[in-house]
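Down below is the structure, laid out as structure tokens.
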Amino acid sequence: MAKLNDFIKTAFVRCSPLLLILIAIWYAVTAVNATSTATSNAYPKAVISYGLSGAKTDDEITATVELWKRDHWGAQIGALRVLCEADRAYVDQLGGTTVGARLCRTVK
């Protein structure tokens, strides 16, 4: 039993730096992933919010997006496609769940 306790103590002492390094790497990867997810949607959100700044009602929002689609406004349509896939809550926030669904159907 004494040999087992010595083995456990030795293994813990030898492995603790490795465990600390693994925890630090896991934390760094998690932080980078969270930051990259937040920033990857920043530009599409800016494009859409600027493009819809003049639209006040749900009908105006829908009409503006349909105009973008008809006139082939690639940046706005592309940004809205990205947001429909990655951050649907933001699209729904623009005018409600039904408007968000309609906008995503329009740009597909």
Side-chain angles (χ1 to χ4, degrees):
M1 186 72 172
K3 288 185 178 184
L4 182 61
N5 287 339
D6 291 339
F7 176 74
I8 291 172
K9 287 178 187 177
T10 305
F12 180 75
V13 169
R14 287 187 180 174
C15 292
S16 61
L18 179 61
L19 290 174
L20 184 61
I21 290 170
L22 289 175
I23 290 170
I25 289 172
W26 171 79
Y27 178 76
V29 168
T30 303
V32 167
N33 196 13
T35 304
S36 67
T37 301
T39 58
S40 67
N41 295 334
Y43 180 72
K45 285 180 182 179
V47 168
I48 296 302
S49 64
Y50 181 76
L52 295 177
S53 61
K56 303 297 181 210
T57 65
D58 292 348
D59 292 334
E60 289 176 350
I61 291 171
T62 304
T64 302
V65 171
E66 288 173 354
L67 173 72
W68 294 345
K69 176 98 178 197
R70 186 176 59 242
D71 291 345
H72 304 289
W73 288 27
Q76 289 80 0
I77 295 299
L80 198 51
R81 283 180 182 160
V82 166
L83 291 174
C84 284
E85 293 295 323
D87 194 3
R88 181 60 185 268
Y90 179 79
V91 178
D92 291 342
Q93 176 189 354
L94 294 173
T97 306
T98 58
V99 174
R102 193 173 336 139
L103 294 179
C104 289
R105 275 195 311 267
T106 301
V107 297
K108 286 196 180 213

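Given the structure is predicted, the values throughout are model-derived calculations rather than measurements.
- Between Asp87 and Lys45 there is a salt bridge, since a side-chain N of the basic residue sits under 4.0 Å from a carboxylate O of the acidic one.
- Here CG of Asp59 is found 10.5 Å from OG1 of Thr64. Values are rounded to the nearest 0.5 Å.
- Residues Val99 and Tyr90 fall within the same hydrophobic cluster, defined by Ile, Leu, Val, Met, Phe, Trp and Tyr side chains chained together at heavy-atom separations under 4.5 Å.
- A salt bridge links Glu85 with Lys108; the closest basic N to acidic carboxylate O contact falls under 4.0 Å.
- In this structure, CG in Leu83 is found 11.0 Å from CZ in Arg88, a value given to the nearest 0.5 Å.
- To the nearest 0.5 Å, atom CD1 of residue Ile77 and atom SG of residue Cys84 are 9.5 Å apart.
- Tested against Leu52 for a side-chain contact (heavy atoms from CB on, under 4.5 Å), the candidates Ile61, Leu80, Val47 yield a single pass: Ile61.
- In this structure, the side chains of Leu103 and Val107 stay at 4.5 Å or more apart for every pair of heavy atoms.
- Scanning all heavy atoms of the two residues, the minimum distance from Asp92 to Ala101 falls at OD1-N, 4.3 Å.
- Across all their heavy atoms, Pro44 and Val82 have their closest contact at CG-CG1, 3.9 Å.
- Once rounded to the nearest 0.5 Å, the distance linking CG of Asp58 with CZ of Arg102 reads 7.0 Å.
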